[in-house]
Amino acid sequence: MLAELQDIAAPLAAALAAGAVIGLERSYRGRFAGFRTHALVALASALMMLASVHAEKWFPDLSDAFDPTRVAQGIMTGIGFVGAGAIIKEGLTVRGLTTAASIWVTAVIGIVAGVGMYLAAACGTFLTLATLSVLGWIESHMTSESYVRCTVRYARDAVAGESALRELVGRHDFDVRRISYRLSGEGREFEYQLVLRTLHESNMGGLARTLREDPAVREFRLVPISE
């Protein structure tokens, strides 16, 4: 009885600990799917694998119906719904993909812990934390392209020329990727719609300040987007 309890408790404890540690990192980053979510995902995966691996011992008449590989496939299919719930679309920006990936890898760690591969579970947990923290820090300090959707509205009889607008955004280290035009306000206003690219998203502040101080600009909007 004690040996059987150890066979059950050790994998569950390992999976729960691994999921909790990964979840703590997500909670620290302010993500909705954090400490408890990751711990429960790892625990559930380990429980399902335990039921499959020990099926012959617990259910000798049904042992042929339990295939660990099929159980693992079912876990990974089901965990997709949890991961999808962590992905949030805010306008043209998508958030939560990293958290969804961390939920997916936590499920895998739970699977390997459930079958008793503790070294693999420990290595997976360490590498996951390294990816989320160390590589996250590197990514945040990398120079990368940022895209902004820019809308600028003028009175129809006081429109800045396209070349002047391009020069204005260029002073803030933006270049124009696309531009379109339209009349609004029953034809009383002229609107430029641009997609801008920059290597530093912080440049948005300077561009916003310049547009705000321009008396000819009736209205403007700057929205970060994924290109």
Option from Arg221, Arg156, Arg218, Arg182 for which salt bridge (Lys or Arg N to Asp or Glu O under 4.0 Å) with Glu191 holds: Arg182
Between His172 and Thr210, a side-chain donor and acceptor under 3.5 Å: yes
For Ala15 against Gly110, the heavy-atom pair lying closest together: CB-CA, 4.1 Å
Which atom of Ala42 lies closest to which atom of Gly19, heavy atoms considered: CB-CA, 3.9 Å
Residue pair Pro11 / Leu50: nearest heavy atoms and the distance that separates them: CG-CD2, 4.0 Å
Thr106 side chain to His38 backbone, donor-acceptor under 3.5 Å: no
Whether Tyr192 and Tyr181 hold their rings parallel, tilted or perpendicular, with breakpoints at 30° and 60°: perpendicular
Donor-acceptor contact below 3.5 Å, side chain Ser102 vs main chain Thr99: yes
Heavy-atom donor-acceptor pair, Arg153 side chain to Val217 backbone, under 3.5 Å: no
Ile111 CD1 to Met48 CE distance, which is reported to the nearest 0.5 Å: 8.5 Å
Side-chain touch Ile22/Ile109, heavy atoms, less than 4.5 angstrom: yes
Closest heavy-atom pair and its distance - Leu196, Cys150: CD1-CB, 3.8 Å
